[in-house]
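The sequence lines fix the lettering, A, B, ..., with proteins before strands; numbering per chain opens at 1. Keep in mind it's a predicted model, so treat the numbers as computed, not measured.
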Protein chains: 4
Amino acid sequence: MTSAGQARGRKRDSRVDQALIAATQELLLEVGYAKLTVDAIAARAGVGKAAIYRRYATKQEMTFAAAIHDLTLEPPPDTGSLRGDLVALIEDIVSSLANGPAAAAVPGLLADIHGDPALTARFLNTFVALERTYIVGVLKRAQGRGEIGDVPDPDLVHALLLGTVFASLFLLGVGSDGLAQRLAALVAAALVGPHAASDA
Amino acid sequence: MTSAGQARGRKRDSRVDQALIAATQELLLEVGYAKLTVDAIAARAGVGKAAIYRRYATKQEMTFAAAIHDLTLEPPPDTGSLRGDLVALIEDIVSSLANGPAAAAVPGLLADIHGDPALTARFLNTFVALERTYIVGVLKRAQGRGEIGDVPDPDLVHALLLGTVFASLFLLGVGSDGLAQRLAALVAAALVGPHAASDA
Amino acid sequence: MTSAGQARGRKRDSRVDQALIAATQELLLEVGYAKLTVDAIAARAGVGKAAIYRRYATKQEMTFAAAIHDLTLEPPPDTGSLRGDLVALIEDIVSSLANGPAAAAVPGLLADIHGDPALTARFLNTFVALERTYIVGVLKRAQGRGEIGDVPDPDLVHALLLGTVFASLFLLGVGSDGLAQRLAALVAAALVGPHAASDA
Amino acid sequence: MTSAGQARGRKRDSRVDQALIAATQELLLEVGYAKLTVDAIAARAGVGKAAIYRRYATKQEMTFAAAIHDLTLEPPPDTGSLRGDLVALIEDIVSSLANGPAAAAVPGLLADIHGDPALTARFLNTFVALERTYIVGVLKRAQGRGEIGDVPDPDLVHALLLGTVFASLFLLGVGSDGLAQRLAALVAAALVGPHAASDA
DNA sequence: AACTAATCGAGACGGTACGTCCGGTCTTGCA
DNA sequence: TGCAAGACCGGACGTACCGTCTCGATTAGTT
């Protein structure tokens, strides 16, 4: 066990947890990351600031938890082809980043992660690691089907998929219409040859 | 024009400009973006805060100017092949983002850009537009050589190149060793066929 | 009556009462009134905060109770002379205020009393009223002995005795060595003539 | 000089000083010492909190300064008799403590003084020392007139005068009507004989 | 012996004030 | 007018404390 000592005293109120997450998400959508304040979160949640700092060491951790709370990456389904699998995977990534409170928080959150080693570790160990696992799975499946020979470096593929989505959304502001299909076509073409991209 | 009125009084001291840029760059490296303060910049530069705000409207503009001050994207040379051109282009992007004060400022600056339309516009009109021009040039050159048929959507290629570099450096933390070569190989393969990737 | 309902359930643990008083007194001596906190009292006493607030409505009441807990004003003995009686009375007042936890609490407690009508009433009805009764007794006894003619205003005498002691201890910081004798001499002289002061 | 380095930069705005003192005094009268908050003072004065803490290290110092600001003890006039001089002196003390913001602050301020050595020193060196000087003057004048023989301990007289007034106002709550006359009569009687008290 | 109800230590809860810090503006005196 | 120094307002931060409430475990008196 993480703690041998028996827990005593009043238990954390799970409604407070929920209220905090909900209030933070609402405020992210309403005022954005830059104007998010701890006092406003507490007031919106009907909660004292102490209840926040009992759960999270800093405002950044609180926001990280709220933004990430209902992001659930689905394991990519076996669509029968590498390209189909990639489309599903990319669409999941896009929907994670493009909608809801997460979209409002991502740029600010990224900055905060790059200034807090603890947050960096948590981010890498949850999202990044999971996404990488899925990518490895998709690539191995393609190898099993005979679509590709050697499995390429999963980190490169990861950077390529996640980075392209991220750049479209937050760096270039060019939108993501049809991004999943076009990006999947390109990646599949790179791995198995351009003819794979022509049967779109 | 703003400069139509005849200039009166003392002229701006260009040493102040230089000292500000230098101080900001030093502090970015020493304490990082999150702990960068205007007072510290002024103190380090031996300058009053008014001198800063006479030049820049906000701390974000000041930091933006300092971070990109000595970033110069070179027009990609004609290496004779699409892949060679891409390698050169990507290496330039990597060197822009991976070293010096810019690397320390990028995540924070990105957050600030996403909250200031003026800064967003400046960012898009300088860096993004220039990079896109270079990409279009490389692709057209490849078409001229007959390496590729149709020119693909330059925005997608842009997102792919810039995003992959960005993700490697700031999202996944997997480093960028050999990134330019491997990424260029992959992209070239996607556009002209996997055989292009085998002659690495 | 409030106690008409039949008592049910567990009885108050008298050891808790004692531990609270003791812990408060210790902390008053150690950290002083200003830095006294309810949490610290509870921790020192090995007691939950609820046990405190089951007994006292506010921190002020708790401290009041602890500070005056072992203060017992003795009825002044008949020493045979007004001056002797006054000396005994003043010495009792001094010993109440100058020693132990009470001395550490008095200035802070006075401030709190002046902001809580309930506490004001309790203070006036216990300490002040009792002291006044003793003063009246001493003065009547002196009148009976023929030392003085009319009995002076007991409130003025009270203010004079208590106030002088208080000022010496808490306002001027000049100590109280020999204060009882010298003050009693002065008061006796004022009431019966200065010759009474010469036989010190 | 206390500081050899030449002062540079913007000067303290004396209107801020005045506004702070005035706001604190108003709030003392309106809400009392216990409910006085720094934020309320700043808001009332139209001032940032930093401007307060640039001038005073703590809330207590700020309140001390405001309560004491327009308390000016007049040197007691020569009325021709010890008793007259005492009446004037006591009335000055009463008017200092009984009216205005000081009256609202005194109990709380006293508690704070007894918890801050710096404030204690300032209090002793200003008010207490000045008052003592005046008392010594009055007593010496009486000696010069031949009203009294030896000059009694000025600290005892000080404690007696100040303490009696203080106790009447803040300890016993019996008011101070005619206090100056009656107390002066008593003290004069103690020093020169009770016959002096009969010609009231 | 089972039930009931108030007590216990521990500690989370809402609220409020504290003193600190920082961003962007303004003022002073010198050059 | 520019400039260094630094005071100014506004407002968010994270901490501390008060008095209340909740938890699970005692500890009595009542059935």
Side-chain angles (χ1 to χ4, degrees), chain A residues 5-13 15-16 35-43 45-59, chain B residues 7-13 15-16 35-43 45-60 62, chain C residues 6-13 15-16 35-40 42-43 45-60 62, chain D residues 5-13 15-16 35-43 45-59:
Chain A
Q6 69 180 118
R8 305 238 289 170
R10 183 173 176 176
K11 290 179 179 166
R12 297 271 174 90
D13 188 340
R15 288 171 311 183
V16 171
K35 294 189 177 176
L36 189 67
T37 70
V38 175
D39 286 273
I41 294 172
V47 144
K49 285 209 290 178
I52 295 179
Y53 285 105
R54 212 174 281 122
R55 290 167 169 74
Y56 307 100
T58 62
K59 173 188 171 187
Chain B
R8 303 230 298 164
R10 187 172 170 177
K11 285 181 181 165
R12 297 259 176 99
D13 187 341
R15 288 171 310 178
V16 170
K35 294 188 177 176
L36 189 67
T37 69
V38 175
D39 287 271
I41 294 172
V47 143
K49 287 210 292 178
I52 294 179
Y53 286 102
R54 217 174 282 123
R55 290 167 170 75
Y56 307 98
T58 64
K59 173 191 171 184
Q60 284 74 36
M62 155 94 257
Chain C
Q6 68 181 116
R8 304 236 294 169
R10 185 174 174 175
K11 286 183 178 165
R12 297 265 175 92
D13 187 339
R15 288 171 309 181
V16 169
K35 294 189 178 175
L36 189 67
T37 70
V38 175
D39 287 86
V47 144
K49 287 209 294 177
I52 295 179
Y53 286 102
R54 218 174 279 121
R55 290 166 169 78
Y56 307 98
T58 63
K59 173 191 171 185
Q60 285 73 37
M62 156 94 257
Chain D
Q6 69 182 116
R8 304 240 289 171
R10 184 172 173 176
K11 291 181 178 163
R12 297 270 173 89
D13 187 339
R15 289 170 311 183
V16 170
K35 295 189 177 176
L36 189 67
T37 70
V38 175
D39 286 273
I41 293 172
V47 145
K49 285 212 288 181
I52 295 180
Y53 286 103
R54 212 174 283 123
R55 290 167 168 75
Y56 308 99
T58 63
K59 174 188 171 186

Problem set entry | Residues, nucleotides or ligands: over 12 heavy atoms within 6.0 Å of C:R15 CZ | no

For this session: For residues D:Y53 and D:V38, determine if any side-chain heavy atom of one lies less than 4.5 Å from a side-chain heavy atom of the other.
Result: yes

Exercise. Do the side-chain N or O atoms of B:R55 get closer than 4.0 angstrom to the phosphate oxygens (OP1, OP2) of F:dC3?
Worked result: yes

Seminar exercise, completed: note: B:I41, atom CD1; F:dA4, atom P; distance rounded to Å ~ 14 Å

Exercise. What does nucleotides 10-19 of chain F look like as a protein-contact string, B for base, S for sugar-phosphate only, - for none, at under 4.0 angstrom between heavy atoms?
Worked result: B-SSBB-SSB

Exercise. What's the shortest heavy-atom distance between B:D13 and B:R55, and which atoms?
Worked result: O-NH2, 3.3 Å

Seminar exercise, completed: Closest to the 5' end of DNA chain E, once A:A45 and C:A51 are matched to their nearest nucleotides, is C:A51

Problem set entry | Interatomic distance where CZ belongs to C:R54 and P belongs to F:dT22 [whole Å] | 14 Å

Seminar exercise, completed: Double-helix bend of the helix from E:dA1-F:dT31 to E:dA31-F:dT1, axes at both ends from 5 pairs, round to 10°, gives 10°

Protein-nucleotides 26-28 of chain F N/O pairs closer than 3.5 Å?
| residue | atom | partner | partner atom | Å |
| --- | --- | --- | --- | --- |
| F:dT26 | O2 | C:R10 | NH1 | 2.7 |

Seminar exercise, completed: Closest heavy-atom pair, C:V47 versus C:A51, reported as atoms and distance to 0.1 Å, is CG1-CB, 3.7 Å

Exercise. F:dG24 phosphate, OP1 or OP2: any side-chain N/O from A:R8 under 4.0 angstrom?
Worked result: no

Exercise. Does D:K59 reach the main-chain N or O of D:L36 with its side chain, forming a donor-acceptor pair under 3.5 Å?
Worked result: yes

Problem set entry | Atom pair distance, as rounded to whole Å: OH in C:Y56 and C1' in F:dT20 | 19 Å

For this session: Would you kindly give the CZ-to-P distance between A:R15 and F:dC21, to the nearest whole Å?
Result: 14 Å

For this session: Using a 4.0 Å heavy-atom cut-off across all strands, classify D:R12 as base, sugar-phosphate, or nothing.
Result: sugar-phosphate

Problem set entry | Closest approach of C:G48 to C:A42 (non-hydrogen atoms, all atoms of both residues) | C-CB, 4.3 Å

For this session: Would you indicate which nucleotide in E:dG9, F:dC8, E:dC13 comes nearest to any side-chain atom of D:V16?
Result: F:dC8

Exercise. Once you round to the nearest 0.5 Å, how far does CD1 of B:I52 lie from CG of B:D39?
Worked result: 8.0 Å

